[in-house]
Number of protein chains: 2
Amino acid sequence: MSKIRLFVGSALAAGTTVTLDAGQAHYLLHVMRHPLGAPLVLFNGRDGEWQASLSEASKRVARAAVERLLRPQPSPSDLWLLFAPVKRARIDLIVEKATELGVGLLVPVLTRHSAVQKTNDQRLGAIAVEAAEQCRRLSVPEIRPLRPLVEVIGDWPAGRRLLVLDESGGGLPIAEALAGLAGRPAALLVGPEGGFDETELDALRRLSFATPIGLGPLILRADTAVVGALACYQALSGDWRRQAENQC
Amino acid sequence: MSKIRLFVGSALAAGTTVTLDAGQAHYLLHVMRHPLGAPLVLFNGRDGEWQASLSEASKRVARAAVERLLRPQPSPSDLWLLFAPVKRARIDLIVEKATELGVGLLVPVLTRHSAVQKTNDQRLGAIAVEAAEQCRRLSVPEIRPLRPLVEVIGDWPAGRRLLVLDESGGGLPIAEALAGLAGRPAALLVGPEGGFDETELDALRRLSFATPIGLGPLILRADTAVVGALACYQALSGDWRRQAENQC
């Protein structure tokens, strides 16, 4: 039986019982036909990963008995992703991939050429939860409401480096930009399809905390650029530098 | 007007006329309502990128006059991607992203746990063409017919390093595996969702030309792993190491 991992809101500790939400109960009981007593894995982003089992299953209610700690909660991810919203299928991919790639905070930003001017925070949140469940991550990234890029930049916290994907070709090759960034707070900014406005890019280039970066000679789709840049970050400055523990 | 770039089969040279295919004619004339005389960009994977213009437009036929060379044909990409087919939306993403990320040859392979046992070569080819048109690439990757992994490995060319994504956690961190690979022929192998069979992975690990690699502690979807690993390759050993020319 493949492991079912679920994200829950409740506190998790040995001996407690957790009521699953209606969607999870439906998935477990009616889609997966998960039998009473069968194992489950639960996490909540705070208390680590827990072995549990289905302890009550009525038509609409499912509860799980929390048994023992499988993995302690790791320190939270400190990587941020700022991105201009794109069309539905591609924004969903950005949220899914950012979750798999260890982003801690997702900040949708409005830029001058943003074709898409709103985000469905509830749907994006659900995608992040599902991706975290799938990829064995023990936290779910926070997704902020959409805000103008200038406001986000205006509030920028001291000490956090902003890597700006500069499609005009002037950016530093990403491997060079990442050298020396390990262990320092960082954020990646990916603009809309069609790129930043020239004045916007000029303003970004003048920020003391920003480094314009390049991802080669081709014009990448926004979702490709997000995954590519985040992967390079993890490989050179993040979690991919260590050999993984055996996961079987 | 945003630039329309089309991949054609015909030879391209100044003064020649190219007949566009039926799909391109429909797209240009009926979707984009491209006026007679308006500019187009053409490439064929052999003769570089050409400025052209729509020179004939009847109900079903569109022809373009080829005017002047914009960019010479670069040397072909020598990066290979071997991948186990996955479900439709995700295999389409793999082909699109591999094209954007500069793969020269795509080899779908059958592994023991491959859930998907066939590929639609025509659809995948069309996706590669569309991605090349979009990302300003001057070639379209070749897509081989599906073959068992053991056969592909049995035929392996001398001197080409095979990076095997090892989800069991035993692989070398990708940045380490890529050190020293620049300029040498390389291929990436990504297994099916659910991973390689243990005996398969053992056999892969024993190949003299193979290096098992890891992409961090989480379980990535196949399409995420493909983009992540290819991006790291380009950043550390490939085309992303140079600053791009200004592309405006």
Side-chain angles (χ1 to χ4, degrees), chain A residues 2 71 74 89 93 96-97 99-102 131-132 134-138 166-178 193-195 198 213-221 223-248, chain B residues 2 71 74 89 93 96-97 99-102 131-132 134-138 166-178 193-195 198 213-221 223-248:
Chain A
S2 78
R71 291 188 289 160
L93 278 176
E96 176 186 294
K97 300 320 184 198
T99 305
E100 290 179 69
L101 292 164
Q134 281 258 354
C135 74
R136 295 182 78 246
R137 189 173 152 162
L138 289 188
D166 177 356
E167 285 194 315
S168 75
L172 210 59
I174 187 165
E176 283 181 43
L178 288 168
E193 311 260 328
E198 195 48 49
I213 59 165
L215 297 178
L218 301 179
I219 303 294
L220 306 181
R221 284 187 182 273
D223 54 312
T224 314
V226 163
V227 181
L230 291 174
C232 292
Y233 175 87
Q234 293 295 7
L236 291 167
S237 312
D239 287 349
W240 294 10
R241 286 171 300 160
R242 282 177 296 280
Q243 203 156 26
E245 297 146 49
N246 197 298
Q247 294 160 339
C248 299
Chain B
S2 79
R71 291 188 289 160
L93 278 175
E96 176 186 294
K97 300 319 185 200
T99 305
E100 290 179 69
L101 292 164
Q134 281 257 355
C135 74
R136 294 182 80 244
R137 189 172 152 162
L138 290 187
D166 177 354
E167 285 194 314
S168 75
L172 210 59
I174 187 165
E176 283 181 44
L178 287 168
E193 310 260 327
E198 195 48 47
I213 59 166
L215 297 178
L218 302 180
I219 303 294
L220 306 181
R221 285 187 182 273
D223 53 312
T224 314
V226 163
V227 181
L230 291 174
C232 291
Y233 175 87
Q234 293 296 6
L236 290 167
S237 313
D239 287 349
W240 294 9
R241 286 171 300 160
R242 284 177 295 279
Q243 203 156 26
E245 297 145 49
N246 196 299
Q247 294 158 340
C248 299

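Labels below follow one simple rule: chain letters A, B, ... track the order of the sequence lines, proteins then strands, and each chain is numbered from 1. Values in this document were obtained by computation on a predicted structure and should not be read as measured data.
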Could you give the distance from [atom1] ([X]) to [atom2] ([Y]), rounded to the nearest 0.5 Å?
X	Y	atom1	atom2	value
B:Glu167	B:Ile213	CD	CD1	11.0 Å
A:Glu193	A:Ile219	CD	CD1	11.0 Å
A:Asp223	B:Glu96	CG	CD	6.5 Å
A:Leu101	A:Trp240	CG	CH2	5.0 Å
B:Lys97	B:Leu230	NZ	CG	12.0 Å

Has the side chain of A:Glu100 got a donor or acceptor atom that lies under 3.5 Å from a matching backbone atom of B:Thr224?
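Not a single qualifying donor-acceptor pair exists.
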Greatest number of heavy atom pairs closer than 4.5 Å to chain A - which of B:Leu178, B:Leu220, B:Ile174:
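Ranked by heavy-atom pairs under 4.5 Å with chain A, first place is B:Leu220.
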Option in [options] with maximal non-hydrogen atom pairs under 4.5 Å from chain B:
options	result
A:Ala235, A:Gly194, A:Pro173	A:Pro173
A:Cys232, A:Ala175, A:Ala229	A:Cys232
A:Cys135, A:Gly102, A:Ala131, A:Gly228	A:Cys135

At a 4.5 Å cut-off on heavy atoms, which part of A:Leu172 comes close to chain B: side chain, backbone, both, or neither?
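Just the backbone, heavy atoms under 4.5 Å.
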Chain B contact via A:Arg241 - which portion, at a heavy-atom distance below 4.5 Å:
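Only the backbone of A:Arg241 comes within 4.5 Å of chain B.
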Measure B:Ser237 against the heavy atoms of chain A and call it side chain, backbone, both or neither at under 4.5 Å.
neither
